[in-house]
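See structure below.
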Amino acid sequence: MKKITKEKLALFWELLARRATLYLPLQEDGVVNFAPWKNGARVNLRENSLVPPKNVFFPQAETYLRFQTGAKKLQLESLEPEEEFILFGVRPCDVASFTILDKVFLEEPVDGLYAKRRRLGTLVSLGCNEPGETCFCTSFELEPAFAPGADVMVWDMGEFLLWEAQSEKGDELTAKINELLDEAAPEESASALSLRNTTAAGEAAAGCQQEWNTAGLQEVLRGKFNVELWEKLYHRCLGCGICTYLCPTCHCFDIQDFSRGLEGERFRCWDSCMFAEFTLMASGENPRPTQKERVRQRFLHKLLYFPSKYGLYACVGCGRCVRKCPVHLDITQVMEPIK
Amino acid sequence: MPASAEKIQLVNPLVPEKGKIIKVLRETPDVKTFHVTTAKGKPFVPMPGQLAMLSLFNIGEAMFSVTSQGERHLEFSIKKTGLLTDALHEADEGQTIGIRGPYGNGFPLEMLKGKDLLFIAGGIGLAPVRSLINFCLDRSGDYGRMQVIYGARTPADLCFKEDLFQNWPSQGLEVNVTVDQGDENWSGPVGFVPSYLEELNPEPEGKIVVVCGPPLMIKFTIQSLDKLKFEHKAVVTTLEKRMKCGIGKCGRCNLGSTYVCLDGPVFTLAQLDQMPVEL
């Protein structure tokens with residue numbers, strides 16, 4: 001295991017940013033979000049980002065086609081991501097969300113845009129020392145301080161960061177920045193393991209404070225399509241869609257054209273099952289006509305439909321939807337009566 | 001940072017092929033049939049009931065069933081009903097268009113083999129069924145007796161009149177046509193498809209039913225089929241949903257964990273009975 005002392009971090013970001021675009025959790029106007037690092041940026045390794053880092057692999061809006069059009073002629077130019085990048089500081093829950101997005105985007109027919117970004121990016125995860133008050137990743141058998149899907153795992157040990165490569169890409173990155181890394185002493189390496197254990201065990205200071213028992217939930221929800229819960233639950237939903245926009249596993253998108261005269265572009269952008277137009281057809285028919293069907297779709301998609309199709313829940317317990325829902329439709333609470 | 005990054009080949013399945021409308025035929029006051037081809041000829045070879053995503057650049061994309069195909073082109077019969085279809089109806093021959101596909105499973109051809117076939121359609125719902133009717137007529141030895149029950153709002157709204165009144169009957173297909181409301185020249189049956197179906201009273205034995213039409217028509221037709229004792233595993237329908245990607249990723253055409261664009265649009269009623277019903 002390697003380590004880097006915190007005094008060297010500024011130099012470290014600079015060196016990493018020279019290799020590739022470096023996305024870090026940056027604090028601006030009191031909000032932490034992943035953005036490309038620039039000299040003088042304020043890096044915040046204490047809090048997780050407001051918007052999940054899925055937008056680095058699956059941008060909120062992404063132009064993939066330019067066109068020039070006329071009645072009789074048409075020119076198309078297909079666009080694709082080219083930029084190599086390092087995504088540093090992703091929490092283990094969000095790393096797990098990429099495994100979920102991979103199921104959707106990497107199954108045949110493969111989503112080329114997402115697949116290429118996954119290959120262009122090197123993923124460095126930062127273990128959680130103190131999970132936030134709405135976190136419940138342990139409900140999905142995730143470890144707050146360990147992400148098996150990351151290329152490099154990093155732990156914040158106070159004076160220094162511990163650094164461990166976990167993949168070939170991780171080894172490549174380690175070799176490139178080796179000059180700033182020191183060998184960690186055996187007792188320092190051991191402290192990472194003990195951090196993993198304390199956070200995973202859910203001890204007061206470090207563990208997830210919310211524990212949601214999800215055992216057998218998928219089976220419970222089977223056949224619960226028409227239960228009374230759905231009649232009650234949706235009334236306070238405003239349909240604002242914040243739960244889906246801030247969800248690291250939500251993958252729904254829209255495709256739209258934007259044009260000026262004869263030139264234009266086609267882009268895809270995040271969309272939300274919370275919106276009435278999401279399923280509205282040109283004929284005026286809507287298979288999900290009220291917020292009841294939309295709320296039901298969101299919960300059942302994450303907890304029943306997705307696991308039935310792909311074998312894992314489409315929730316990683318990051319807690320963003322719990323924290324930001326204006327009417328407190330807390331996924332860990334509202335599903336309880338159904339059991 | 002893979003050293004081979006520059007070698008990564010991207011295949012973006014959302015990028016359409018360049019195509020061209022080479023012929024436009026008016027079927028009814030609000031339905032036109034478009035013949036679409038590409039520089040390489042036929043864009044792809046769809047099976048009956050499969051779909052294609054068509055786009056006009058500046059306006060957007062929508063999913064349509066392929067109603068027929070020629071040696072070098074595909075045919076789409078499209079009702080004027082929204083932004084894109086309004087614009088398509090304004091388009092002339094020579095108009096450039098985007099096309100990608102084929103999408104979906106198409107009709108279960110193996111299941112239909114050796115059976116009597118009853119095709120029931122309403123309005124523009126005949127468009128996808130027509131691809132199957134023509135496929136079966138071309139291989140009539142593989143199927144038993146074939147019958148069509150079709151209805152539209154008025155005689156003017158009947159799609160594919162040449163097929164209904166000339167081509168199909170001359171190929172031995174029994175064609176029964178009804179309209180919701182007749183006019184001075186209409187001497188045929190008047191009434192909705194479900195009641196006409198009950199009046200014709202087809203025998204369920206050895207028969208597969210293929211039904212497509214507006215949601216209400218499908219709903220009441222299924223009730224009538226139930227009355228006539230058709231089993232749900234012998235009734236096939238093709239669904240319509242709003243779709244954006246066509247490849248099971250954009251997340252809006254699902255019925256539970258089933259994606260209509262990938263696993264459908266064709267299902268038996270027995271399959272739909274097992275799914276959360278959001279139709």
Side-chain angles (χ1 to χ4, degrees), chain A residues 19-20 64-65 67 69-74 76 78 80-82 84 86 104-105 107 109-113 115-116 119-120 122 169 172-173 176 225 250-257 259 262 264 266 268 271 273 278-283 285 287-288 293 297 300-301 304-309, chain B residues 1-6 8-20 55-62 79 81-86 91-92 94-98 214-216 239-242 244-259 262 275-279:
Chain A
R19 301 279 169 201
Y64 61 87
L65 191 67
F67 50 80
T69 175
K72 309 279 177 190
K73 79 170 188 105
L74 171 67
L76 299 181
S78 178
E80 55 183 279
E82 302 290 353
E84 286 184 34
I86 300 161
V104 176
F105 288 121
E107 81 164 348
V110 173
D111 186 284
L113 297 167
K116 188 157 181 194
R119 289 169 68 178
L120 287 167
T122 301
K169 270 194 209 170
E172 278 179 42
L173 181 63
K176 283 176 183 155
F225 187 73
C250 276
H251 57 80
C252 294
F253 60 84
D254 190 8
I255 294 174
Q256 292 287 340
D257 285 3
S259 62
L262 298 177
R266 180 164 292 170
R268 71 167 168 192
D271 203 349
C273 58
F278 187 65
T279 49
L280 180 67
M281 291 185 270
S283 61
E285 301 282 343
R288 296 187 199 128
E293 292 84 14
Q297 162 65 19
L300 288 185
H301 184 221
L304 174 62
Y305 307 155
F306 197 96
S308 307
K309 189 170 166 69
Chain B
M1 293 191 297
S4 57
E6 70 282 357
I8 298 172
Q9 288 293 310
L10 172 91
V11 179
N12 183 349
L14 301 178
V15 173
E17 246 190 285
K18 281 196 273 187
K20 193 177 268 188
S55 53
L56 284 176
F57 297 90
N58 294 349
I59 296 175
E61 293 189 302
K79 184 170 168 170
T81 187
L83 275 179
L84 178 67
T85 54
D86 284 357
D92 296 320
Q95 169 70 50
T96 56
I97 194 169
L216 265 183
L239 300 181
E240 188 169 25
K241 291 275 171 191
R242 185 171 193 160
K244 288 289 179 175
C245 71
I247 53 174
K249 310 201 190 299
C250 80
R252 72 197 66 223
C253 72
N254 69 303
L255 293 168
S257 53
T258 303
Y259 279 83
L262 282 180
M275 294 178 202
V277 181
E278 285 180 332
L279 297 176

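So that the names make sense, note that chain A is the first sequence line, chain B the second, and so on, each numbered from 1. Just so it is clear, the values below take in all heavy atoms, side chains as well, and ignore hydrogens, waters and symmetry mates.
The shortest side-chain heavy-atom distance between B:Phe57 and A:Ser259 does not fall under the 4.5 Å cut-off.
Residue A:Asp271 touches chain B through its side chain alone, counting heavy-atom pairs closer than 4.5 Å. In this structure, chain B has heavy atoms under 4.5 Å from both the backbone and the side chain of A:Leu280. Of the atoms belonging to A:Leu300, not a single heavy atom falls under 4.5 Å from chain B. For A:Phe225, the part sitting under 4.5 Å from any heavy atom of chain B is the side chain, from C-beta outward, and nothing else. In this structure, the portion of A:Gln297 lying under 4.5 Å from any heavy atom of chain B is its side chain and not its backbone. Only the backbone of B:Ile97 comes within contact range of chain A, with at least one heavy atom under 4.5 Å from a heavy atom of that chain. For a residue to count as touching a neighbouring chain, one of its non-hydrogen atoms must lie under 4.5 Å from one of that chain's; by this rule B:Leu83 does not touch chain A. Only the side chain of A:Phe67 comes within contact range of chain B, with at least one heavy atom under 4.5 Å from a heavy atom of that chain. Heavy-atom distances place no part of B:Pro214 under 4.5 Å from chain A, backbone and side chain included. In this structure, the portion of A:Gln256 lying under 4.5 Å from any heavy atom of chain B is its side chain and not its backbone.
Of the inter-residue distances, the one linking A:Phe253 atom CZ with A:Leu113 atom CG reads 9.0 Å to the nearest 0.5 angstrom. With rounding to the nearest 0.5 angstrom, the SG atom of B:Cys245 is 10.0 Å from the CD atom of B:Glu61. In this structure, A:Cys273 SG and A:Glu293 CD are separated by 12.5 Å, a value rounded to the nearest 0.5 Å. We find the SG-NE2 distance between A:Cys250 and A:His301 to be 8.0 Å, quoted to the nearest 0.5 Å.
With respect to chain A, the highest number of heavy-atom pairs below 4.5 Å among B:Ile247, B:Asn254, B:Leu84, B:Asn12 belongs to B:Asn254. Interface summary for chain B: among A:Pro81, A:Ser308, A:Gly264, A:Gly112, the most heavy-atom pairs under 4.5 angstrom belong to A:Gly112. The greatest number of non-hydrogen atom pairs below 4.5 Å with chain B, out of A:Glu107, A:Lys309, A:Arg266, A:Met281, is found for A:Arg266. Top candidate by heavy-atom pairs under 4.5 Å with chain B, chosen from A:Leu65, A:Val110, A:Leu76, is A:Leu76. Annotation: maximal heavy-atom pairing with chain A below 4.5 Å, among B:Cys250, B:Cys253, B:Pro13, occurs at B:Cys250.
Nearest heavy atoms, B:Leu262 versus B:Gly246: CD2-O, 4.4 Å. Summarising the geometry of B:Tyr259 relative to B:Gly251, their closest heavy-atom pair is CE2-CA, 3.9 Å, with the distance given to 0.1 Å.
For the side-chain hydrogen bond (donor to acceptor under 3.5 Å, both in side chains) test, no residue two or more places apart in sequence or in another chain qualifies with B:Thr85. Contacts of B:Lys249 classified as side-chain hydrogen bond (donor to acceptor under 3.5 Å, both in side chains), with partners at least two apart in sequence or in another chain: none.
Using cut-offs of 30° and 60° on the angle between ring planes, the pair A:His251 and A:Phe306 is tilted.
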